[in-house]
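Quick notes on the structure that follows.
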Number of protein chains: 2
Amino acid sequence: MATGREIAQLCGVSVATVSRVFNQPETVNEETRDRVLRVAKELDYRPNESARALSTKQSTMIGLVWDTDHRRPGWRHPYLQDLLIGLKSALSAHGYHLLMLATGGDAREVGASLADPVGYVNMTRRHHLGGLVLIDSGSDAEAFEAFAQSGVPCVALDVAVDGPRATYVTSDNEGGAQSATRHLAGLGHSRIATITGPPGNQPAQARVSGYRKALRDAGLQQRDEYVVAGDFYRTSGTVAMQRLLALDEPPTAVFAASDEMAVGALLAARAAGLRVPEDLALVGFDDIEIASVVDPALTTVAQDKPGFGVAAAKAIMAMVTGAGREEPVILPTRLVVRDSCGS
Amino acid sequence: MATGREIAQLCGVSVATVSRVFNQPETVNEETRDRVLRVAKELDYRPNESARALSTKQSTMIGLVWDTDHRRPGWRHPYLQDLLIGLKSALSAHGYHLLMLATGGDAREVGASLADPVGYVNMTRRHHLGGLVLIDSGSDAEAFEAFAQSGVPCVALDVAVDGPRATYVTSDNEGGAQSATRHLAGLGHSRIATITGPPGNQPAQARVSGYRKALRDAGLQQRDEYVVAGDFYRTSGTVAMQRLLALDEPPTAVFAASDEMAVGALLAARAAGLRVPEDLALVGFDDIEIASVVDPALTTVAQDKPGFGVAAAKAIMAMVTGAGREEPVILPTRLVVRDSCGS
DNA sequence: CGTTTCACCGTAAGCGGTTACATCACCGTA
DNA sequence: TACGGTGATGTAACCGCTTACGGTGAAACG
């Protein structure tokens, strides 16, 4: 790896000039600029990122806070890969990289976890990160708030945060749930239940609210026993469905707040001898891979998965370059009609 | 963020001593060491990573080469999330972070892609990365070889590479395929076909070879028309299955080299009016989420998904600290018997 | 008691960039 | 001719840390 000094010597200029060629090209004479650029290209010169970061207090990296093995070892993000693809490609358009911050660590590293946002914030300073992208890992809204208040630019996914340099991106959860429920009502169902996500989870709350709105719009009765809590996981869907089926007047249609729970509900229904969609209509949320594969294929509310990453990248880059905060981004959802509701 | 100098002043020592406290504790007097440590803790001191990397030419980061939008926009790694979980947690045990290298980029960044390994290699030098983890993204074995030869420590996933400081980790693909096929033969099937992965792909080749071995061991006839090529994707499984069903003597059992293709085959069989497993036995490979959800649940060969990440992390860390190369790691597979083969 | 040894610590030179400031040639103007 | 302005470049300090080297005082030695 050639250094700036080498370029300088070969060109008969000072290192300052070499640096200027790359950072303030307009301030250097065209002729010498070309000369420097030519030599630089010849030697395949790339400025050393550590040195540059040290000197400018700015690296070309964005930190990713993605807490795994938290309370729930089996936790899986429903569409992490698509999210990363979007994030990565959008960041790379700005020449930025994604640093997956490690939590825990050995003696040298004092641990950083969502329980200790300070650790992460320190890391962003130590590495001169431009900012942080926070992936929702359950219901750590409080921790996210601490990040947002820390002053480092950060964008949270699926958690509404507020702070001097913080914003968030999320789906139109309410709208999506509403259209799902409306779809069910439109098919003639009047006994429509919902299986919700965990209580503290914001998207979960929004989806319940969308469900309620749709019922109201359709002039349908809202029954408390038709709203049963799950945790986004499959088995909770099964349990919830069993509970619903045990009611005196079981629902004929169910909106599950996640595809995983919808699948769980499907299994429960099947075990109870019910046919889907004939005896029970089912809608999910997320449109993960599984949705199109189960039998019957799941009608569901699709989220713009790579769009999440792209929006996050845009927001964080905007905060890195400009000052101040960005507006929250609400991504549209789309109802994907398959076979689990009949026609 | 406190700096070393501040600590030094508060303790009445020089910055050198502060540095020594953290890097060669045994060379500094116990009393002053404690004093420094106490003040450092008080100020929540963490050495600046950029400065340290600049000075030592070693960062605490490992690069991740994960090429997406290559030739196949729809490409998805079957278990990226689990892999990352394993990788991240194992790296964090050493205090290392994972840097997702961006490909492409703006004018400032000359692009790096698998087509241009030099770009990545340059990045690892610029960022003083400890090494590179290469995720297989189809069939770029040649490109991987270039990485391996570059001299930077790197471990490839699912591609056998060789180089001065390179190694790889992969599953026991042959063994897995063999046990899957043996399972089919054990159930009494004699007309066993296979749907393979893309020709250039090493795991795909190993799986075919395992399939062949099992047939031979079982004393079964090998027919060329029973080996039809897919590309690991679902639709290719459907197409392949259709081809198999069109044969004069269609197989009664199929080993698909990926779960996705197995699902595709399942759809084709169902469309042709065949029942699975009664009319057709089916085994997949990977044990992705979908496998347990399709109806009938898919019998498949499970890979140790987080183990991949952990093994990769161990290998790369071993090469970072020690010199020289590491032995390749072959992870065991496990046949998961579900419902798609009957009993 | 002079000299060696050794544990401990400070000095200072990097690492490879960025950038405030100084320098200098050259121009137009009074 | 003297002068201020301007564009192009060099000088050197600095970012925060590591580390080779040298210095110091006390203990050990002859």
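Chain identifiers are assigned alphabetically (A, B, ...) following the order of the sequence lines, protein sequences preceding nucleic acid strands; residue numbering begins at 1 within each chain. These values consider heavy atoms only, across backbone and side chains, with no hydrogens, waters or symmetry-generated copies.
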Exercise for the section: Look at all strands and tell whether B:Ser50 reaches a base, only sugar-phosphate, or nothing, counting heavy atoms closer than 4.0 Å. Expected result: nothing
Exercise for the section: Specify the separation, in whole Å, of atom CD of B:Gln24 and atom P of D:dT19. Expected result: 6 Å
Exercise for the section: With the side chain counted from C-beta on, respond yes when B:Thr3 and B:Asn48 share a heavy-atom pair under 4.5 Å apart, and no when they do not. Expected result: no
Handout entry: Non-neighbouring partners of A:Leu10 that pass side-chain contact (heavy atoms from CB on, under 4.5 Å), sequence neighbours left out
Key = A:Val39, A:Leu43
Fill in the blank from the handout: For A:Glu30, the side-chain contact (heavy atoms from CB on, under 4.5 Å) test, sequence neighbours excluded, returns A:Arg33, A:Asp34
Using nucleotides 21-23 of chain D, report all nitrogen or oxygen pairs with the protein that are shorter than 3.5 Å.
none

Problem - For atom CD of B:Glu31 and atom P of C:dA7, their distance in whole Å - result: 18 Å
Exercise for the section: Identify, with sequence neighbours excluded, every residue that meets side-chain hydrogen bond (donor to acceptor under 3.5 Å, both in side chains) alongside B:Thr170. Expected result: B:Asp158, B:Asn173
Practice task
For B:Thr56, answer base if it contacts any base atom (sugar-phosphate contacts may also be present), sugar-phosphate if it contacts only those atoms, and nothing otherwise; contact means non-hydrogen atoms under 4.0 Å.
Solution key: sugar-phosphate
Practice task
Kindly state which residues belonging to residues 9-16 of chain B come within less than 4.0 angstrom of DNA chain C, counting heavy atoms of the residue only, listed by number.
Solution key: B:Gly12, B:Val13, B:Ser14, B:Ala16
Fill in the blank from the handout: residues 320-331 of chain A vs salt bridge (charged side-chain N to carboxylate O under 4.0 Å, His left out), sequence neighbours excluded, gives A:Asp162-A:Arg325
Exercise for the section: Quick one: label B:Ser19 by what it contacts on the DNA or RNA (base, sugar-phosphate, nothing), any heavy atom closer than 4.0 Å. Expected result: base
Fill in the blank from the handout: Note, DNA chain C 5' to 3' with Watson-Crick or G-U pairs under 3.5 Å encoded as ( ), [ ], | and . gives ||||||||||||||||||||||||||||||
Exercise for the section: Kindly say if A:Asn23 contacts the phosphate of C:dT18, meaning a side-chain N or O under 4.0 Å from OP1 or OP2. Expected result: yes
Handout entry: Pairing residues for B:Ser150 by the side-chain contact (heavy atoms from CB on, under 4.5 Å) criterion, not counting sequence neighbours
Key = B:Val121, B:Val152
Practice task
Round to the nearest Å and state the distance from B:Ile7 atom CD1 to D:dG16 atom P.
Solution key: 13 Å
Practice task
Keeping to residues at least two apart or across chains, list the ring-ring contact (aromatic ring centres under 6.0 Å, His included) pairs with something in residues 40-62 of chain B.
Solution key: B:Phe22-B:Tyr45
Listing, residues 308-323 of chain A side-chain donor-acceptor contacts under 3.5 Å, not counting sequence neighbours, or none:
from     : atom 1 : to       : atom 2 : distance (Å)
A:Thr321 : OG1    : A:Met317 : O      : 3.0
A:Thr321 : OG1    : A:Ala318 : O      : 3.3

Practice task
Kindly say if A:Thr17 contacts the phosphate of D:dG10, meaning a side-chain N or O under 4.0 Å from OP1 or OP2.
Solution key: yes
Fill in the blank from the handout: Residues at least two apart in sequence or cross-chain that pass ring pair (Phe, Tyr, Trp, His ring centres under 6.0 Å) with B:His128, listed by chain then number, are none
Practice task
Would you tell me if any nitrogen or oxygen in the side chain of B:Lys57 comes within less than 4.0 Å of OP1 or OP2 on D:dT18?
Solution key: no
Handout entry: Whole-Å gap separating P (D:dG7) and CD (A:Glu26)
Key = 12 Å
Handout entry: Residues that A:Gln9 engages under side-chain contact (heavy atoms from CB on, under 4.5 Å), provided they are two or more places apart
Key = A:Arg5
Handout entry: B:Val28 vs B:Leu54, nearer the 5' end of DNA chain C by closest nucleotide
Key = B:Val28
Fill in the blank from the handout: Rounded to whole Å, NE2 of A:His127 lies from P of D:dC17 at a distance of 13 Å
Handout entry: Side-chain N or O of B:Arg5 closer than 4.0 Å to phosphate OP1/OP2 of D:dG16
Key = no
Practice task
Identify which one of B:Val133, B:Asp304, B:Val329 satisfies the side-chain contact (heavy atoms from CB on, under 4.5 Å) criterion when paired with B:Val169.
Solution key: B:Val329
